[in-house]
Amino acid sequence: MSEIDGPQDVVQADEGAAVVDPRRLHEAARIAEALVFASAGPVPEAYIADRLPAGVDVGHVMRQLKALYAGRGVNLVQVGDHWAFRTAPDLSFVVRSDEGEVRKLSRAALEVLSIIAYHQPVTRAEIEDIRGVQTSKGTLDVLLEAGWVRFRGRRRTPGRPVTFGTTKDFLDHFGLEELRDLPGLEELKGAGLLSGRIPSNFQIPLPLGEDELSEDEDPITQMDLEELGLLTPGGKEDE
Amino acid sequence: MSEIDGPQDVVQADEGAAVVDPRRLHEAARIAEALVFASAGPVPEAYIADRLPAGVDVGHVMRQLKALYAGRGVNLVQVGDHWAFRTAPDLSFVVRSDEGEVRKLSRAALEVLSIIAYHQPVTRAEIEDIRGVQTSKGTLDVLLEAGWVRFRGRRRTPGRPVTFGTTKDFLDHFGLEELRDLPGLEELKGAGLLSGRIPSNFQIPLPLGEDELSEDEDPITQMDLEELGLLTPGGKEDE
Amino acid sequence: MYGTRFNPQKTDASDAAPMEELWQDNRDRALHEEGLVVDIAGFEGPLDLLLHLARTQKVDLSRISVLALVEQYLAFIERARQIRIELAADYLVMAAWLAYLKSRLLIPQQPKDEGPSGEEMAATLAFRLKRLEAMRDAATRLVNRNRLGRDFFARGAPEHIPTERRSAFDASLYDLLSAYASLRQRHAITQVTIEKRNVWSLADAREILHRLMGEVEDWTALDHFLLRYLTEPSERRTAMASAFAATLEMVREGQLELRQDGVFQPIFLRRGAQAQRGGQPDGQGDDDHV
């Protein structure tokens, strides 16, 4: 028995998993491990699945691997529907990266990033409404360039404004498995602060021009975060 | 007991190792693991030793870690007096299968692609007019090869020039539901991608959808392609 | 009541693990009781200022006195005006709205009154402040999470880049859009410079007139003067306008005389008394020999 105290004791048989030859499963785990370990960026689960022996459930394998690495210096983490190995955060005192500093965000950029994360999909006009100020040029640019924010689609309202959302890199960077893990998301939702609905129909005017597009108004399918409840049911987005 | 068949059974107590608190040893192994994982190159054993808790024998820890990873998809290997993680040799086929395939699109190709996206249907002459430089055949070939650009039709003007457009794969790759989701002038400005210093008559076209032919456009036929010599099987790219 | 400094990032969690310097633009958002320093530049718009004022009430945002808040804001704006600080339009618009809100809150609503009641408006304001504050807190919590490249790390020596894409090429939408935007922008700006050359500045016109003066003894039509410069039809209008404006100035200096026999008739000019004496104007005549 190893003094190093291997992680074997935390691994439990996954319920409901198909009964597969253990050697096949072991081989699958080795392949998954190698694929994710060899990559710096998160690896799509579907990509791993394609490379596993037939009949092996990728989700099952990944959950087992995650448990296997849970107490170790390197952890297997989920980033959306991707997987990545990352050093354990509590070891940050000893591990230092040679590559420069983590990107610093201006106060405004950070605020805009949070608003996009919690309210997505969200238009620029809505961001400005929440902040009560025009978004200066370059703020969104910085977030787009960092790869944390992306154009998601268009809102099905007059003018069809473009909506913004966060990316997989955003989740990866902030150590989030999924958007549900955003700190305080539930409380904010519970307090009605993410609904975008203001209790009365009155709005404080913004004196300067907001986004106004006069392009055509074909319906578009909106990517759904509805499941997350980040979208107001019924889609009254125009406050 | 894990079905994945954890590596515990291969680890053996190292003979002659000093008796150390197992938790201390476990912590040392975590640190060593994280250090080697995050490093861009093989890590000197002395470097690791410096970062381990006092009284822990680095050689002992590394040998144990090596044993721990021996049967796994990733192995800890010794290179002189340095340590590194490597994909298990028998799995290199999984990792290398598509190595080196992904290339960054050149600046010129990005420009041409974006012009085709926004201005489609667009002829080569028009692309050159917008860019102000000649477009090498190689650039268009790269885009055709990538599967992002296609021949749409032929313009009903003298010479019947071929028109270019984007493909479904283009939309998929860039996460667009439809061409109309491409941000317009106001949105590019709002996102800081276009500065305010543009003439008032500056316009960004609304691209014509994939399946719509414009009025002065004929659908392209197989014959056209052959006649034009544009169907080079295998796509000899000259970039 | 303007006493405290507002440093949202330091209110909580300041004793938690290594706090990063959160903001690049850690501007001093100080408001002093004396009212001598009213630093509007420290605020990001009127809502931010209102939130700051609300925080000084030191109560839960849902229980702030909106009326008191309105008065604080209006007093702040008033003070800023007294010491002649230039206020952005947003602040004044907000002040007007708050003044209206105040009147709504003070005067009981008439039965047939249209629009939201003062209470509804106040609730709206409180909601917006609460939401902004919530987003501020969320931002702080977000940025203090363990972060990739600072607290946890990726594989330092990756062995491959997995890709699901059939495409052998990589590019993001951002790459695409920024390539397009900068390309179009580059060309748009080039065009602007070309157009600029088509416009005669006053200085240009003056310089040309100076050069031509030696050649003119008697009354000559302005058109004739400029004939050689007007090969490009598009330049005609700007050349005439600038040249005429320049002649007026030169007439004032006595270097030219100007005559027009009737409306829409040709404009004639000849050397003025100053020029005949060989006097050069000081000032703008510095670059007349090219």
Side-chain angles (χ1 to χ4, degrees), chain A residues 35 37-41 43-44 46-47 50 75 84-89 91-92 95 97-99 101-102 104-108 110-111 113-115 117-118 130-134 144-145 147 150-151 172-176 182-184 188 191 193 198-208, chain C residues 9 20-27 44-48 50-51 89-90 92-94 97 115-117 120-121 123-125 127-128 130-132 134-143 145-164 172-174 177-178:
Chain A
L35 283 173
F37 215 95
S39 164
V43 181
Y47 179 88
D50 279 352
N75 305 145
F85 276 109
R86 298 286 179 250
T87 61
L91 298 177
S92 63
V95 188
S97 138
D98 325 326
E99 293 165 32
E101 286 269 289
V102 171
K104 276 213 176 162
L105 287 182
S106 71
R107 192 178 120 86
L110 186 57
E111 238 172 71
L113 177 62
S114 305
I115 291 169
Y118 285 81
I130 292 170
R131 299 187 64 225
V133 64
Q134 286 238 313
L144 287 162
E145 198 191 346
R150 66 192 169 97
F151 294 100
D172 193 19
H173 183 89
F174 290 99
L176 298 160
L182 282 169
L188 290 173
L193 289 168
I198 282 186
S200 90
N201 58 352
F202 210 96
Q203 209 182 335
I204 298 168
L206 263 181
L208 302 166
Chain C
Q9 68 276 30
E20 197 189 342
E21 273 288 297
L22 292 192
W23 330 106
Q24 275 179 337
D25 51 352
N26 215 342
R27 281 171 299 182
E44 291 203 41
L47 211 57
D48 187 27
L50 270 169
L51 183 58
D90 317 32
L92 301 178
V93 171
M94 177 64 88
W97 187 82
S117 69
E120 281 166 344
M121 288 168 67
T124 299
L125 180 61
F127 172 82
R128 292 193 52 166
K130 220 172 142 182
R131 186 173 62 176
L132 180 61
M135 282 299 114
R136 292 263 161 88
D137 292 346
T140 307
R141 287 164 79 174
L142 192 64
V143 83
R145 286 184 63 83
N146 288 326
R147 289 168 68 181
L148 180 64
R150 187 187 72 181
D151 306 298
F152 60 92
F153 300 88
R155 176 82 188 267
E159 294 169 63
H160 84 143
I161 302 155
T163 174
E164 266 186 311
S172 70
L173 184 59
Y174 177 77
L177 297 177
S178 57

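Numbered from 1 within each chain, the chains take letters A, B, ... in sequence-line order.
- Between the CG atom in A:L193 and the CG atom in C:L132 there is a gap of 11.0 Å [rounded to 0.5 Å].
- When heavy atoms are compared at a cutoff of 4.5 Å, A:A88 approaches chain C solely by way of its backbone atoms N, CA, C and O.
- Neither the backbone nor the side chain of C:L92 comes within less than 4.5 Å of any heavy atom of chain A.
- Between A:R107 and C:D48 there is a salt bridge, since a side-chain N of the basic residue sits under 4.0 Å from a carboxylate O of the acidic one.
- Considering only heavy atoms from C-beta on, C:F152 stays 4.5 Å or farther from A:L91 through its side chain.
- Judged purely by atom type and a 3.5 angstrom limit, A:T87 uses its side chain to pair as donor or acceptor with the backbone of C:F153.
- For A:F174, the parts lying under 4.5 angstrom from a heavy atom of chain C are both the backbone and the side chain.
- Using a 4.5 Å cut-off between heavy atoms, C:L173 touches chain A through its side chain atoms alone.
- A donor-acceptor pair under 3.5 Å is absent between the side-chain atoms of C:R141 and the main chain of A:P183, judged by distance alone.
- Atom-to-atom distance recorded for C:R136:CZ and A:I115:CD1 is 8.5 Å, nearest 0.5 angstrom.
- Panel note: side chain A:R86, backbone C:L148; no donor-acceptor pair is recorded below 3.5 Å.
- Rounding to the nearest 0.5 angstrom, the gap separating the CZ atom in C:R131 from the CD1 atom in A:I130 is 4.5 Å.
- Looking at A:L188, the atoms closer than 4.5 Å to chain C (heavy atoms on both sides) all sit in the side chain, from C-beta outward.
- By the 4.5 Å heavy-atom criterion applied to side chains, C:V143 and A:L105 are not counted as neighbours.
- We find the CZ-CD distance between A:R131 and C:E44 to be 4.5 Å, quoted to the nearest 0.5 Å.
- Annotation for C:N146 and A:P89: closest pair ND2-CB, 3.2 Å, computed over non-hydrogen atoms.
- When each of C:S172, C:A154, C:G45, C:A134 is checked for heavy-atom pairs under 4.5 Å with chain A, C:A154 comes out on top.
- A:S114 and C:A138 make their closest contact through OG-C, 4.2 Å (heavy atoms, listed as atom of the first residue, atom of the second, distance).
- Summarising the geometry of A:A40 relative to C:P158, their closest heavy-atom pair is N-CB, 3.6 Å, with the distance given to 0.1 Å.
- Under the 4.5 Å side-chain criterion, counting only non-hydrogen atoms from C-beta, A:F37 is in contact with C:R155.
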